[in-house]
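Structure record follows, encoded as structure tokens.
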Amino acid sequence: MDVQATTPLDPRVLDAMLPYLINYYGNPHSRTHAYGWESEAAMERARQQVASLIGADPREIIFTSGATESNNIAIKGVARFYRSRKKHLITTQTEHKCVLDSCRSLEAEGFQVTYLPVQKSGIIDLKELEAAIQPDTSLVSVMTVNNEIGVKQPIAEIGQICSSRKVYFHTDAAQAVGKIPLDVNDMKIDLMSISGHKIYGPKGVGAIYIRRRPRVRVEALQSGGGQERGMRSGTVPTPLVVGLGAACEVAQQEMEYDHKRISKLAERLIQNIMKSLPDVVMNGDPEHHYPGCINLSFAYVEGESLLMALKDVALSSGSACTSASLEPSYVLRAIGTDEDLAHSSIRFGIGRFTTEEEVDYTVEKCIQHMKRLREMSPLWEMVQDGIDLKSIKWTQH
Amino acid sequence: MAASSRAQVLDLYRAMLRESKRFSSYNYRTYAVRRIRDAFRENKNVKDPVEIQTLVNKAKRDLEVIRRQMDSHAVAQAEVHWHNLSSLQPPPPRFKQFSYLSLLISWDYRRTPSHLANFCIFSRDGVSLY
């Protein structure tokens, strides 16, 4: 139940990839023999599949090693290209680590970055965004669907604002592509990051969409043989991109069916947990929300202890890239969650292959262990006695 | 081309369900069975013979995908199985080689490219590698 961390390969994707792992192993940039030509044809087919999922032209898709690399290219590439005239970027406080870290490294290079706060719902305030745009702003970067709380940002409206103010708009759509309908022209998106292993594709591949009309210029991060229009040098891994293309095509076909099913399962999970356990809070706006990512805070119990109790269910209490640290998630802090509730949160992920039985089992175990852990919790005891926890003065020894 | 009859469609449906139940992974198995049932159910009232034939052809292609998966998943299972037993005894080399070769043979469904002929020779009756 941790599909935001990664997803299994869809069998149809594996089927598409296998020939390129066994027989058709040519380098797609080899121009002089059939091995190369076959590989190149497959790569271009995959490019078309990715492009058609997001309403783009195939020439606007560049293959990368994943959404992290795509985010780096988008943010650093655009900022550095326009550095002579534009020195300002805007992003949000709930972005993925790679976006925030790229911005931090740009600050060290002399750029100025505004980190927009989010409201309690997790959604940014559009008026604040408009106010933050300066004459020297080159890029606004806002993720489509948040990987920790599943909140959907108003991408079309942000695109409209950015296009009217002549600022480039980048969105990290790793958790959104193939799950909700996206069109880069309708939503006026200039750059978009795509991740393979979040949409039932292989790990180690992703793509970046870079608009051609009007042309967005990007300074390449990786120097080399000039592959991918000079924007990302390096041999394109044919089996991986074929997998990414197949994953995008399958996602396009299955989007409606999956969305309906995942919504039903999510509803089931939330309703069943909330009707059996008091004091459970769902983090993030319930309306502008992708159903497959549910973040719940269970008051008076530490999230890690619940995770350990649910040892036969794969869950997480934050994003995978921050799961090693003991700090509560910065995303939860940004939406104004109290420190204690932030420590008590668990993220449930529902995907294409999740079954009703798995959801029911998770709910049952969750309720069972929560009740047991709350019995042991002194905070719970105090709350039952009617004590207001905020009024307690904790003494130091 | 004559449109597929009801009997042919039902045969295809049964064949797909039968193959899907062979997935050793719980999640793939349940997904395949569920998806096939829902897809056939959704399309049961389609009347246009051209559309029916398109759907049948797609289903046949998906059935082949599932059949090919059985070989790859069998190799994956065998690898895991032998890895777990490796502390007990060394895996018989024949078994591993056979699973791998059966996987390669199943990929012979596409044309055998002539430029690969000097590396491996695949034939219906046997495989020789050199």
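In what follows, chains are A, B, ... by sequence order, proteins preceding strands, each numbered from 1.
- Within the 4.5 Å cutoff, side-chain heavy atoms of Phe23(B) are placed close to those of Pro11(A).
- Contact of Arg261(A) with chain B is made through the side chain alone, with heavy-atom distances under 4.5 Å.
- Between Thr354(A) and Tyr31(B) the shortest side-chain heavy-atom distance does not fall below 4.5 Å.
- Side-chain contact check for Thr355(A) and Tyr26(B): at least one donor-acceptor pair (N or O, by modelled atom type) lies under 3.5 Å.
- Counting only heavy atoms from C-beta outward, the side chains of Glu64(B) and Asp15(A) never approach each other to under 4.5 Å.
- Between chain B and the options His33(A), Glu357(A), Arg12(A), heavy-atom pairs under 4.5 Å are most frequent for Arg12(A).
- Of all heavy-atom pairs between Phe353(A) and Arg34(B), the closest is O-NH2, 4.3 Å.
- Between the CD atom in Glu358(A) and the OG1 atom in Thr30(B) there is a gap of 7.0 Å [rounded to 0.5 Å].
- Distance check: Tyr257(A) OH to Arg35(B) CZ gives 5.0 Å after rounding to the nearest 0.5 Å.
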- side-chain contact (heavy atoms from CB on, under 4.5 Å) assessment of Tyr28(B) paired with Leu9(A): CA-CA 10 Å; Tyr28(B) 287 151; Leu9(A) 262 191; 4.1 Å; yes
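- When side chains are defined from C-beta on, Gln253(A) counts as touching Lys58(B), because their heavy atoms get closer than 4.5 Å.
- For chain B, no part of Leu21(A) is nearby; none of its heavy atoms comes within less than 4.5 Å.
- How far NZ of Lys260(A) is from CG of Asp38(B): 8.5 Å, rounded to the nearest 0.5 Å.
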